[in-house]
S.K.: 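The structure follows.
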Amino acid sequence: MLRSQLFSKTRREDPKDEQSKNAKLLIRAGFIHKELAGVYSYLPLGLRVLKKIEDIIREEINNIGGVELSMTAFQNPELWKKTGRWDDEVLDVWFKTELKAGGEIGLGTTHEEMVANIMRDHISSYKDLPMSVYQFQTKFRNELRAKSGIMRGREFLMKDLYSFHADEESLDDFYDKAKGAYERIYERCGLGDLTYITFSSGGTFSKYSHEYQTLSEAGEDKIFVNVEKKIAINEEVLNDETLNDLGIKREELEEVKAIEVGNIFKLGTKFSLALDLVYTDENGEKKPVVMGCYGIGLGRVMGTVAEVLSDEKGLVWPKEIAPFKISLICLAKAGTEAYKQAEEVYQKLTEMGVEVLFDERDISAGEKMAEADLFGFPYRAVISEKTFSAGQIELKGRQNTEAEMLSLADFYERMKN
Ligand code: ATP
Ligand code: MG
């Protein structure tokens, strides 16, 4: 893409009404636009990141057998009354509307009720199980503390996966597969090293659930970790029983702050009993379906990457989720031979399928360089009168201090990989 086509403008100053690093940086870099506290629009660069995170998640969840669907945000109060969650104060604050014709409707905070009800039409026998479905869908929660930028939106995109099983053994089996998929997702999003599977409270059905927590001072959660053993426990279940279960002593754990980038939960029969989701087993006996649920907030992941990987110059995107692979900067004047070369390089990279943002504008070198750092794509290439007459191109990795001078052939070879 040509930089001049991208309408977004970058800013030098942090927005005054934001406290979180992710919101400050993403707004400065023109990735998002703030509408209200906790309410953001995604601009082209931000949307590209979000879509890439979505692609990674889709690939990994498809790999474990998940099937994609899309449920409506509108919630039927009757379903939620059956589980007692329509008026639940514990549940994140609802956005609800009273209808002129009578009755109420709610905007979905999560979809267990709806998905269990849908599955009533599609699961009747043990032969229909196991089954797992997921969606990327907008959730609405009137978060009371919407101060963490896109990490805590009042409207946010979630990948929610739900699994359905005949028995606990089948659920355990899928739950383990989901753990594998989650590990690969955070690894590919560049958060692998800092993200810990964390024991947390399990509700009524199972002793523990698992959260994926990324270590960060910006986190709202307090967890206790042992880095060598890769064990982490949420504050809410830090007790003698948990320590005993995990074979670890309190003094081996360090207290840190962390961001919950996802969670997986064994729901058991809680929702199927309340909503009458049953199947007939091999002996003709009716039994409640056993369920699991698995969530990831995409904006939460994107905001976390901005929090933990950025540096004093700006954003730093891991290769797989960067909006573009490379910033191509031309410092030569339009019409010169060097400028023509830059256009050819842009053409060729595009043909090679390398995602490139070509800064062809007539502005100062300093502005272009600073903006490329703020955007934080993995590479920056510079073509100037100097590089052109030397028959070379300058290449720098976003996190490297030194640039390299390469021949064009070597440059293309590098970009191929
Ligand atoms: P938190 O304790 O941070 O509020 P939660 O327990 O309410 O999270 P869930 O309802 O389990 O979260 O949602 C699943 C996932 O969705 C979370 O692990 C997180 O990644 C993401 N998420 C939750 N709330 C938000 C939000 N307000 N904005 C962005 N992502 C969110
Ligand atoms: Mg919440």
Side-chain angles (χ1 to χ4, degrees), residues 20 22-23 26 32 34-42 46 49-50 53-54 56-57 61 73 75 83 85 88-95 107-115 134-162 178-179 181-182 185-186 189 191 194-203 208-214 216 218-223 232 234-237 257-267 270-271 291-308:
S20 68
N22 75 85
L26 291 166
I32 59 171
K34 182 180 190 167
E35 305 296 338
L36 295 163
V39 183
Y40 299 90
S41 294
Y42 283 76
V49 177
L50 201 70
I53 295 172
E54 183 177 313
I56 290 173
I57 297 175
I61 300 300
Q75 302 295 313
T83 60
R85 298 210 296 175
D88 193 349
E89 310 252 307
V90 184
L91 198 74
D92 303 77
V93 185
W94 279 92
F95 285 99
L107 289 177
T109 57
T110 178
H111 277 72
E112 283 84 5
E113 279 78 355
M114 186 179 287
V115 77
Y134 73 98
Q135 63 177 349
F136 294 95
Q137 200 261 0
T138 305
K139 309 288 184 231
F140 298 88
R141 296 181 183 178
N142 200 3
E143 299 278 2
L144 302 175
R145 299 161 292 134
K147 290 181 182 155
S148 300
I150 59 168
M151 298 198 299
R152 187 171 293 286
R154 294 201 282 167
E155 172 191 356
F156 64 96
L157 192 64
M158 193 200 285
K159 181 283 295 171
D160 41 333
L161 164 70
Y162 305 91
K179 279 185 188 168
Y182 269 53
I185 289 164
Y186 297 118
C189 290
L191 297 175
L194 289 173
T195 303
Y196 288 72
I197 181 163
T198 305
F199 285 80
S200 24
S201 65
Y208 303 110
S209 68
H210 295 89
E211 293 168 345
Y212 288 79
Q213 294 275 6
T214 305
S216 166
E220 292 178 16
D221 287 19
K222 203 188 279 175
I223 66 167
N234 192 305
E235 169 179 45
E236 64 193 17
V237 292
K257 284 179 147 184
I259 303 164
E260 184 196 315
V261 287
N263 64 23
I264 59 177
F265 213 100
K266 293 179 185 174
L267 300 170
K270 181 177 166 189
F271 290 89
M291 288 174 61
C293 72
Y294 317 80
I296 296 181
L298 280 73
R300 181 76 63 92
V301 170
M302 177 173 160
T304 301
V305 170
E307 289 286 338
V308 303

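For ligands, and for the atoms within them, numbers begin at 1 and follow the listed sequence. All values derive from a computational prediction rather than experimental measurement. Side chains included, hydrogens not; waters and symmetry mates left out as well; all remaining heavy atoms used.
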S.K.: So what's near the Mg ion (ligand 2), protein N, O or S atoms under 2.8 Å?
M.R.: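 As for protein N, O or S atoms lying under 2.8 Å from the Mg ion (ligand 2), they are Asp92 OD2.
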S.K.: Could you label the plane-to-plane angle of the Tyr208 and Phe199 rings as parallel, tilted or perpendicular, counting under 30° as parallel and over 60° as perpendicular?
M.R.: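 Perpendicular, since the angle between the ring planes exceeds 60°.
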S.K.: After noting the C-alpha distance and the side-chain angles of Ser216 and Glu307, does the key distance pass the side-chain hydrogen bond (donor to acceptor under 3.5 Å, both in side chains) rule?
M.R.: CA-CA 8 Å; Ser216 166; Glu307 289 286 338; 4.9 Å; no
S.K.: List the protein residues in contact with ligand 1, where contact means a heavy-atom separation under 4.0 angstrom.
M.R.: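 If the criterion is a heavy atom under 4.0 Å, then ligand 1 touches Asp92, Arg141, Glu143, Met151, Arg152, Gly153, Phe156, Met158, Glu260, Val261, Gly262, Asn263, Gly297, Arg300.
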S.K.: Return the CD1 to OH distance between Ile223 and Tyr196, rounded to the nearest 0.5 Å.
M.R.: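 It is 8.0 Å, given to the nearest 0.5 Å.
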S.K.: Quick one: side-chain hydrogen bond (donor to acceptor under 3.5 Å, both in side chains) partners of Glu54, sequence neighbours excluded?
M.R.: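 With sequence neighbours excluded, Glu54 shows a side-chain hydrogen bond (donor to acceptor under 3.5 Å, both in side chains) to Arg58, given in chain and number order.
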S.K.: Does Glu155 have any side-chain hydrogen bond (donor to acceptor under 3.5 Å, both in side chains) partners at least two apart in sequence or in another chain, and if so, which?
M.R.: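 By the side-chain hydrogen bond (donor to acceptor under 3.5 Å, both in side chains) rule, Glu155 matches no residue at all.
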S.K.: Got a second to check how far Leu157's CG is from Ile296's CD1, nearest 0.5 Å?
M.R.: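 Between atom CG of Leu157 and atom CD1 of Ile296 there are 11.0 Å.
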S.K.: In a check of side-chain hydrogen bond (donor to acceptor under 3.5 Å, both in side chains) between Glu220 and each of Lys257, Lys147, Arg145, which one passes?
M.R.: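 Exactly one candidate clears the test, Arg145.
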S.K.: I'd like to know if Glu112 and Arg85 make a salt bridge, using a cut-off of under 4.0 Å between side-chain N and carboxylate O.
M.R.: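 Salt bridge present between Glu112 and Arg85.
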S.K.: Asp88 vs Trp94, test: side chain to side chain contact (heavy atoms under 4.5 Å, CB included). Steps then yes/no.
M.R.: CA-CA 9 Å; Asp88 193 349; Trp94 279 92; 5.8 Å; no
